Amino acid sequence: MSSNKNILFMVGGSYVAGAEITTLNLIRDLHLKGYHVFVIVSSWNDGDFIQRLGQYGIPYQDIKLGFIFITKPFWTLDSLVNYPKAFLQVKKIIKNFKPNCIFHSSYRTFIMVYPLLKGLKNIYLEHNNPTISQKNFKLYNFLSNKIHHFVCPSQTVRKTLLELNVPPAKIKIIPSPIDPEFRGQTVLNHLENEVARIGIVGQIHAEKGFDFIFDELVKVTEPYQLYIYGDDHGEYARSLKLNMPDILKNKVNWMGYVKNRLEIYQQLDIVLFPSLSESFGRIIIEAGAFGIPIIASDIDSFKEIIVPGETGFLFKLSNTGELPQILDHLLSDKSLRKKIGSNAQTFILNNFTSEKCTKEYENLIAAKN
């Protein structure tokens, strides 16, 4: 094998969510382009990530490479017991595979095997937006001296990395692309729904803005049904159901976790994304790829994806009454929903393709350190 085509990924893969979907797409794309890809996956996983690797025909090894957690003594004990074997397993893989480049999706695995990584090109995938804290100032000072490139999905995350003193030259923005299976999708039949269907897709917790939107949805005058897709067995979801205004109880449908996201978007007329903070907006590009208009909170990362009034709508979380006005406007006008959805689809398919994003990664792989 040609060493300049050997790419090693070290990932968590405990379960498959937004960051894991992005990483899987990159792994698959590099594999299809002829790179020799090998993946080290944490043994603590639900099997979904490695199942998808198997479907793509990508070799992997699951290794019990954990971390030291101050507040989780049993996790730490398990990690320490398995650490010597895990370290040797990683060492053997690096020796035999001879990677030209290593992608890391977590600082934890990077730290645990750092002595094995010296002299190799290391690229850190920063999917989330780190908090500004003394702990992270120290952490990113260490990472900045060892990592060659930090890849982040938005200007929002880049700004945070700069605040944590990561050198600007080391930061590269590469947005998360749409999945290839989302291309060419249409949901024009959704316009025939007698009552418009609004969807919220993702994790159900306070940071997703549920408390705000439930208060605002009672002000919407046009008929609608709201479908919430996500694991609704947690304490927060139970509290939402218990304290939901009576007027919403016949309008809100709790769909639970649905693995096939294509099935989700085929049912919806409008997607609502009221999150308080996000590093990117995968739901936005997925809905846009389907030609579905989206209404989202006006946080910075969403402003990078949505063109207000053209490809979607943004509302201020501080402005009570703005969201109901936008919803009533869209709910009452099918032609507007079709127009906004069509604009969104064109915009997403022109700017968030896997070909475009993977090419950026190839440039990083080929770049001199």
Side-chain angles (χ1 to χ4, degrees), residues 17-18 127-133 152-160 163 175-176 196-222 224-232 234-245 247-248 251-252 254 268-288 292-332 336-337 340 344:
H127 294 291
N128 300 313
N129 197 17
T131 56
I132 303 297
S133 65
C152 61
S154 64
Q155 287 284 356
T156 299
V157 180
R158 181 180 186 273
K159 180 180 178 182
T160 301
E163 290 182 42
S176 299
R197 297 183 172 198
I198 303 170
I200 299 177
V201 184
Q203 296 174 323
I204 300 175
H205 55 68
E207 282 296 305
K208 297 299 181 180
F210 283 95
D211 296 306
F212 175 85
I213 60 159
F214 277 10
D215 288 340
E216 294 300 284
L217 286 173
V218 299
K219 305 172 187 176
V220 176
T221 59
E222 293 290 330
Y224 69 89
Q225 284 288 308
L226 177 67
Y227 294 81
I228 299 175
Y229 294 88
D231 184 356
D232 59 343
E235 182 178 344
Y236 178 71
R238 290 195 293 270
S239 176
L240 285 175
K241 295 176 183 179
L242 183 64
N243 297 299
M244 184 189 305
I247 193 174
L248 294 182
K251 294 178 178 291
V252 177
W254 299 88
L268 302 176
D269 301 288
I270 298 169
V271 168
L272 182 58
F273 201 173
S275 191
L276 307 183
S277 64
E278 294 284 344
S279 60
F280 186 60
R282 170 162 288 280
I283 303 303
I284 294 175
I285 65 172
E286 290 181 346
I292 302 174
I294 190 158
I295 305 173
S297 49
D298 68 340
I299 60 177
D300 288 343
S301 57
F302 293 172
K303 292 177 183 177
E304 298 179 42
I305 308 174
I306 292 177
V307 182
E310 294 184 24
T311 65
F313 294 91
L314 297 170
F315 66 90
K316 292 180 174 60
L317 291 165
S318 60
N319 186 342
T320 57
E322 186 176 19
L323 174 58
Q325 289 179 2
I326 295 172
L327 276 170
D328 276 332
H329 187 37
L330 267 183
L331 290 168
S332 65
L336 178 61
R337 295 205 300 269
I340 295 294

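Everything numeric in this text was worked out from a predicted model, so none of it was measured. Atom set for the values below is all heavy atoms of this structure, side chains included, hydrogens, waters and symmetry mates excluded.
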Q. Backbone N or O of F280 within a donor-acceptor pair of the S154 side chain at under 3.5 Å?
A. no
Q. Should the ring pair H329 and F313 be called parallel, tilted or perpendicular, given that the plane angle runs from 0 to 90° and is split at 30 and 60?
A. perpendicular
(Q) Can you confirm whether L226 sits close enough to L248 that some side-chain heavy atom of one is under 4.5 Å from a side-chain heavy atom of the other? (A) no
Q) Got R337 and D269 here, is their nearest side-chain heavy-atom distance under 4.5 Å? A) yes
Q: State, yes or no, whether a side-chain contact exists between I306 and F273 at a heavy-atom distance under 4.5 Å.
A: no
Q. Is it true that E216 and K219 have a side-chain N and a carboxylate O under 4.0 angstrom from each other?
A. yes
(Q) Using 0.5 Å steps for rounding, measure from the CG atom of L314 to the CD1 atom of I294. (A) 9.5 Å
Q) Looking at T156 and S301, what are the two nearest heavy atoms and their distance? A) OG1-N, 3.2 Å
Q. Does some side-chain heavy atom of T320 sit less than 4.5 Å from a side-chain heavy atom of D215?
A. no
Q. What closest approach, in Å, do Y227 and Q225 show between heavy atoms, and which atom pair accounts for it?
A. CE1-CB, 3.5 Å
**Q.** Spacing of CD1 belonging to I132 relative to OG1 belonging to T160, to within rounding of 0.5 Å
**A.** 5.5 Å
(Q) I need the minimum non-hydrogen distance between T311 and I340, along with the two atoms involved. (A) C-CG2, 3.7 Å
(Q) Under a 4.0 Å threshold between the charged nitrogen and the carboxylate oxygen, would D232 count as salt-bridged to K241? (A) yes
Q | Flag, side chain of E304 to backbone of Q155, donor-acceptor distance under 3.5 Å | A | yes
Q) For the residue pair K316 and E322, what are the closest heavy atoms and their distance? A) N-OE1, 2.9 Å
Q | P324 versus V220, closest heavy-atom pair with distance | A | CA-CG2, 3.9 Å
(Q) So, taking the atom named CG in D298 and the one named CG in N319, what distance separates them when rounded to the nearest 0.5 Å? (A) 9.5 Å
Q.
Any side-chain to backbone donor/acceptor pair from S297 onto S275? Under 3.5 Å, distance only.
A. yes
Q) Can you check whether E278 reaches K208 side chain to side chain, under 4.5 Å on heavy atoms? A) yes
Q: Please examine the side chains of L217 and V252, heavy atoms only from C-beta on, and report whether any two atoms are closer than 4.5 Å.
A: no
Q | Partner of P274 under side-chain contact (heavy atoms from CB on, under 4.5 Å), chosen from F315, F214, F210 | A | F315
Q: Look up atom CD in E207 and atom OG in S277, then write down how far apart they are to the nearest 0.5 Å.
A: 4.5 Å
Q | More than 12 heavy atoms from other groups under 6.0 Å of CD1 on I247 | A | no
Q) Can you find a pair of side-chain heavy atoms, one from L240 and one from M244, that are under 4.5 Å apart? A) no
Q: Any chance you could lay out the side-chain hydrogen bond (donor to acceptor under 3.5 Å, both in side chains) test for D328 and S332, step after step, and finish with the verdict?
A: CA-CA 6 Å; D328 276 332; S332 65; over 6 Å; no
Q: Show your working on side chain to side chain contact (heavy atoms under 4.5 Å, CB included) between W254 and I204 and close with a plain yes or no.
A: CA-CA 11 Å; W254 299 88; I204 300 175; 4.0 Å; yes
**Q.** Beyond-backbone contact of Y236 with D211, side-chain heavy atoms, under 4.5 angstrom
**A.** yes
Q | For the student: nearest non-hydrogen atoms of L317 and F212, plus distance | A | O-CE1, 2.8 Å
Q | CG-CD1 distance between L327 and I198, expressed to the nearest 0.5 angstrom | A | 4.5 Å
**Q.** Audit row: Y229, L268, side chain to side chain contact (heavy atoms under 4.5 Å, CB included) steps and yes/no
**A.** CA-CA 11 Å; Y229 294 88; L268 302 176; 4.2 Å; yes
Q. What distance separates I295 CD1 from I200 CD1, expressed to the nearest 0.5 Å?
A. 10.5 Å
